Amino acid sequence: MNKLRKPIHISMTIISLIILTLFSACSDKETTVVPEVQLSHNTFTFDAPGGSETLTITSNIPLELTSSNALWCTVIKGKPSGNSTLYTINTSANATYNARECKIIITGSDYSGEVLITQQGKLKPEPPVIDYHFGMGWNLGNQLDAHSNGVANETIWGNQATTQEAFNKIKAVGIESVRIPVTWLGKVGPAPSYTIDATWLNRVAEVVGYAENAGLKAIINIHHDGAESKFWLNITDAATNAMVNTKIKAQLQAMWTQIANKFMDKGNFLVFEAMNEIHDGKWGWGANLTDGGKQYEVLNEWNQVFVDAVRATGGNNADRYLGVPGYVTSPKLTIDHLVLPNDITPNRLMVSVHYYDPHKYALEDLYSEWGHTAAADKKDSYGDEAEVIAMFEKLKTKYIDQGIPVYIGEMGSVHRSTARAEAFRKYYLEYVCKAAKTYGLAPFYWDNGSAGTGKECLGLINHATGEYINNGKEMIDVMVKAMTNQDASYTLDAVYNSAPQ
């Protein structure tokens, strides 16, 4: 019996050892499995609205997927089929203009990977097309805007009545647009109708007709009625007295309704400009700086009254271009404080500014030279080329780049008595106009018809005959050149390098 049992005991031991060895071998093989993972995609690109895409993963190991940005990009696991699993990647809409990305992180035993998800931003709306071209502009200054003792009078400031002949010659020299300032003082009846004198309104229409006949674009406005808060369009009183402001707005509404009705049938060659240089008499250095913005608010209200009154008349006024000024038409104060009116017709508002910097050079003739080549003792301390560029670039960024046209309703430089001073005058006008062209602005030279030299002598063309005065041909030619020359070598830098030495 003992001899028979011993072999059986040995055999069971051997069998146990064999089973243990096999089990250990299988266990070792499981812990050293090499991951085999295949992705149907390594990247996905979604458009701005978002949506869903599918990712298929084939794997011999369990995997876990997570999104690096669960707010707008998520991943949902589907039901496995064999070694393959389908995942749904969802993205929400991208409300910004910027593209964004997230990563789907894939992890498993001895494995890590990722899938890149990118999403486009929504398309930026194209700026409205600026289809209004002023070209080089010119002012019929000190003409229909002239007045004396509170009554408008075309010839009271020394100019003879303007004519069709003058407008024809203005067109012939390369001017494309004319600004026709109009003062209405003494030509308006009492409240509540504020009826405009028919003879005066008809004369304004006649002069607008001169521009139309000559093929010129034209701007008309309400001009010296707001001069330094001396007359009815008084921002000083309006900013401090609500009843005065209400009355002014009623007159403004009544007058623009009548003006707009008079020109309702005129085409879009004609632009209406709300007002001129509105300020409290301190040219931007007065109470506007200390009243908490009240004067700026009042002017913004007046611009809104203007737009609403014109649009309400219908006809061609429903989509006519309308120019609105900022405070004292200062580029800086306009950028800082003008609030564009609401307009039922999109893309038909223009911004009006003036540019006479430095004014002691441009208007007063206290300095005879300008720019980087000028003698230090013959030029002002500010307003050189770099400042022209800086301001025009700000206007472009604020308005032009947003599809809002900007025109420089007034600019210029007075006639000088020496050849050297005239050379700098010519350079100033060319540089300012070329800079305006470069940055998308339309300049209008202020021609007040004044002959001679020195302060306020800005005449270039006789308003009655169209003949040149004050070296007008040379100055107009260079401004037209700045606005029209398409030669690739004719750049702003080229003008800069041509400055008098």
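It should be emphasised that the depicted structure is a prediction, and the values quoted were computed from it without experimental measurement.
Aromatic pair Trp256/Phe306: centroids less than 6.0 angstrom apart. In this structure, the ring of Tyr210 has its center less than 6.0 angstrom from the ring center of Phe167. Taking the six-membered ring wherever Trp is involved, the centroid distance between the rings of Phe444 and Trp138 does not fall below 6.0 Å. Tyr361 and Tyr356 have their aromatic ring centers separated by at least 6.0 angstrom.
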ask   = Can you check side-chain contact (heavy atoms from CB on, under 4.5 Å) on Val33 and Asn60, steps first, answer last?
value = CA-CA 9 Å; Val33 170; Asn60 64 342; 3.8 Å; yes
ask   = Run the side-chain hydrogen bond (donor to acceptor under 3.5 Å, both in side chains) check on Trp232 and Asp225 step by step: do they pass?
value = CA-CA 6 Å; Trp232 70 270; Asp225 300 53; 2.9 Å; yes
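Arg179 and Glu273 are joined by a salt bridge, as a carboxylate oxygen and a charged side-chain nitrogen come within less than 4.0 angstrom of each other. By the 4.0 Å N-to-carboxylate-O rule, Arg311 lies too far from Asp319 to be salt-bridged with it. Salt-bridge check for Asp336 with Lys332: passed, with a basic side-chain N closer than 4.0 Å to an acidic carboxylate O. Of the charged side-chain nitrogens involved, none lies within less than 4.0 Å of a carboxylate oxygen, so that Glu176 and Lys171 do not count as a salt-bridged pair.
Summarising the geometry, atom CG belonging to Asn303 is positioned 9.0 Å from atom CD1 belonging to Ile278; distances are rounded to the nearest 0.5 Å. Here Glu53 contributes atom CD and Phe44 contributes atom CZ; the two are 6.0 Å apart, rounded to the nearest 0.5 Å.
In this structure a side-chain-to-backbone donor-acceptor pair under 3.5 Å is missing from Ser59 to Val37. Checking side-chain atoms of Asn261 against main-chain N and O of Thr257 turns up a donor-acceptor pair under 3.5 Å. A donor-acceptor pair under 3.5 Å is absent between the side-chain atoms of Ser177 and the main chain of Gly137, judged by distance alone. With hydrogens and angles ignored, the 3.5 Å screen pairs a side-chain donor or acceptor of His279 with a backbone N or O of Trp283.
Note: His372 and Tyr496 have parallel aromatic rings, judged against thresholds of 30 and 60 degrees for the angle between ring planes. Between Phe263 and Phe272, the ring-plane angle classifies as perpendicular under the 30° and 60° cut-offs.
A cation-pi arrangement, defined by a distance under 6.0 Å to the six-membered ring centre and an angle within 45 degrees of its axis, is absent between Lys217 and Phe134.
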